Amino acid sequence: MRRLINVYSRDHILLDKATVTLYEDIQEFWVAERDHDAEVVACGALHVMWEDLAEVRTLAVDPSLKGSGVGHLLLEKLLNTARWLGVRRIFCLTFEVEFFTKHGFTEIGDTPVDGDVYSELLRSFDEGVAEFLGLERVKPNTLGNSRMLLHL
């Protein structure tokens with residue numbers, strides 16, 4: 001996973017994650033492995049933010065496999081996991097608008113939560129939640145990204 005994330009974070013397509021964060025969040029990740037050598041060729045995480053809201057994070061595919069469908073399969077796994085958990089809205093912050101649009105995501109402007117939930121989310125120490133909320137301190141990380149939402 002580290003290798004895949006590094007490929008995209010170097011080009012500012014994905015936000016970099018500290019390795020300790022990957023270990024802390026490992027239970028949120030699904031991976032795709034190559035059959036003949038079990039090498040991880042794609043990864044993605046589903047982070048539940050609220051009772052009906054989750055975020056797709058760190059979706060990355062080995063560049064040599066782009067266009068093969070593995071990213072679509074992995075995103076479908078994340079969406080099915082969200083359904084299983086009872087989550088009804090999925091958020092992502094991405095440069096890959098076309099990819100997510102193919103799965104029903106639409107671009108949004110504001111943070112899609114009411115004031116009470118927004119106030120509760122402000123208590124989170126998670127940087128991804130800060131990015132979701134559009135807090136000033138994380139704006140440099142999110143410049144150029146599109147905010148997208150899917151209703152399941």
Side-chain angles (χ1 to χ4, degrees), residues 1-35 38-63 65-66 68-97 99-108 111-113 117-135 137-142 144-152:
M1 286 180 11
R2 171 86 277 152
R3 177 186 60 81
L4 291 172
I5 294 166
N6 286 347
V7 167
Y8 293 100
S9 65
R10 272 193 304 265
D11 295 331
H12 304 289
I13 294 169
L14 274 182
L15 296 173
D16 193 18
K17 288 188 177 279
T19 302
V20 67
T21 303
L22 293 174
Y23 280 108
E24 290 171 345
D25 298 341
I26 196 71
Q27 74 281 357
E28 296 179 350
F29 278 86
W30 286 92
V31 298
E33 296 178 341
R34 194 167 33 221
D35 284 338
E39 182 175 347
V40 173
V41 294
C43 65
L46 182 74
H47 179 78
V48 176
M49 300 171 74
W50 201 250
E51 67 181 302
D52 67 335
L53 179 67
E55 180 182 8
V56 169
R57 294 182 173 179
T58 320
L59 185 59
V61 175
D62 187 301
L65 293 174
K66 281 188 95 172
S68 69
V70 69
H72 293 283
L73 290 171
L74 191 52
L75 179 58
E76 282 302 318
K77 183 64 174 178
L78 295 170
L79 297 179
N80 286 335
T81 301
R83 287 181 186 97
W84 181 78
L85 292 171
V87 172
R88 295 291 163 237
R89 297 180 301 154
I90 309 294
F91 169 79
C92 70
L93 189 62
T94 186
F95 288 106
E96 301 293 336
V97 173
F99 173 82
F100 283 96
T101 299
K102 289 177 182 176
H103 290 271
F105 284 77
T106 57
E107 290 187 67
I108 60 171
T111 304
V113 293
V117 173
Y118 186 93
S119 294
E120 285 295 323
L121 290 175
L122 281 174
R123 298 172 185 238
S124 175
F125 292 105
D126 186 289
E127 285 297 299
V129 172
E131 290 156 1
F132 168 75
L133 296 175
L135 300 182
R137 66 183 168 82
V138 295
K139 292 257 178 169
N141 293 340
T142 61
N145 282 292
S146 292
R147 300 164 70 77
M148 300 187 79
L149 189 69
L150 171 69
H151 291 272
L152 296 177

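The figures here come from the full heavy-atom set of this structure, side chains too, leaving out hydrogens, waters and symmetry mates. Owing to the predicted nature of the structure, the values given are computational and were not obtained by experimental measurement.
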Query raised in the report: Between NE2 of His47 and OG1 of Thr58, what distance do you get to the nearest 0.5 Å?
Result: 10.5 Å
Query raised in the report: Just how far is it from atom NE2 of His72 to atom CG of Leu79, taken to the nearest 0.5 Å?
Result: 12.0 Å
Query raised in the report: Does Leu149 reach the side chain of Ile90, with side-chain heavy atoms less than 4.5 Å apart?
Result: no
Query raised in the report: Is there a side-chain contact between Leu4 and Leu59 (heavy atoms, below 4.5 Å)?
Result: no
Report task. Determine the minimum heavy-atom distance between Leu152 and Arg83, stating which atoms define it. Result -> CD2-NH2, 3.5 Å
Report summary line: Rounded to the nearest 0.5 angstrom, the CG-CZ distance for Leu65 and Arg34 is 7.0 Å
Report task. Please name the pair of heavy atoms, one in Pro63 and one in Val7, separated by the smallest distance, quoted to 0.1 Å. Result -> CG-CG1, 3.5 Å
Query raised in the report: Can you name the closest pair of heavy atoms from Val31 and Cys43 and give their distance?
Result: CG1-CB, 4.1 Å
Query raised in the report: Are Arg88 and Asp52 close enough for a salt bridge, meaning some N to O gap below 4.0 Å?
Result: no
Query raised in the report: Taking C-beta and beyond as the side chain, do Val48 and Leu85 meet within less than 4.5 Å on heavy atoms?
Result: yes
Report task. Output, in order, the C-alpha distance, side-chain angles, deciding distance and verdict of side chain to side chain contact (heavy atoms under 4.5 Å, CB included) for Thr94 and Phe99. Result -> CA-CA 10 Å; Thr94 186; Phe99 173 82; over 6 Å; no
Query raised in the report: Are side-chain heavy atoms of Trp50 and Glu120 found at a separation under 4.5 Å?
Result: yes
Query raised in the report: Mind checking whether Tyr8 and His12 have ring centres under 6.0 Å apart?
Result: no
Query raised in the report: Salt bridge check: are Asp62 and Arg3 linked by an N-O gap of less than 4.0 Å?
Result: yes
Query raised in the report: Can you name the closest pair of heavy atoms from Glu107 and Ser146 and give their distance?
Result: OE1-OG, 3.2 Å
Query raised in the report: Atom CH2 of Trp84 and atom OG1 of Thr81: how far apart are they, to the nearest 0.5 Å?
Result: 8.5 Å
Query raised in the report: Could you go step by step and tell me if Met1 and Ile26 meet the side chain to side chain contact (heavy atoms under 4.5 Å, CB included) rule?
Result: CA-CA 10 Å; Met1 286 180 11; Ile26 196 71; 3.7 Å; yes
Query - Heavy-atom closest contact (Val41 atom, Glu33 atom, distance) - result: CG2-C, 4.2 Å
Query raised in the report: Is the side chain of Thr21 donor-acceptor paired with the backbone N or O of Lys17 at a distance under 3.5 Å, no angle test?
Result: no
Report summary line: d(Leu46 CG, Asn80 CG) to nearest 0.5 Å is 11.0 Å
Query raised in the report: Which word best sums up how the rings of Phe100 and Phe105 line up, parallel for under 30°, tilted for 30 to 60°, or perpendicular for over 60°?
Result: perpendicular
**Report entry** Phe91 side chain near Leu93 side chain, heavy-atom distance below 4.5 Å
**Finding:** yes
Query raised in the report: How many angstroms lie between atom CE of Met148 and atom CD of Glu55, to the nearest 0.5 angstrom?
Result: 13.0 Å
Query raised in the report: Can you name the closest pair of heavy atoms from Leu74 and Gly44 and give their distance?
Result: CD2-N, 3.6 Å
Report task. Determine, stepwise, if the pair Asn6 / Arg2 fulfils side chain to side chain donor-acceptor pair (under 3.5 Å). Result -> CA-CA 6 Å; Asn6 286 347; Arg2 171 86 277 152; 3.1 Å; yes
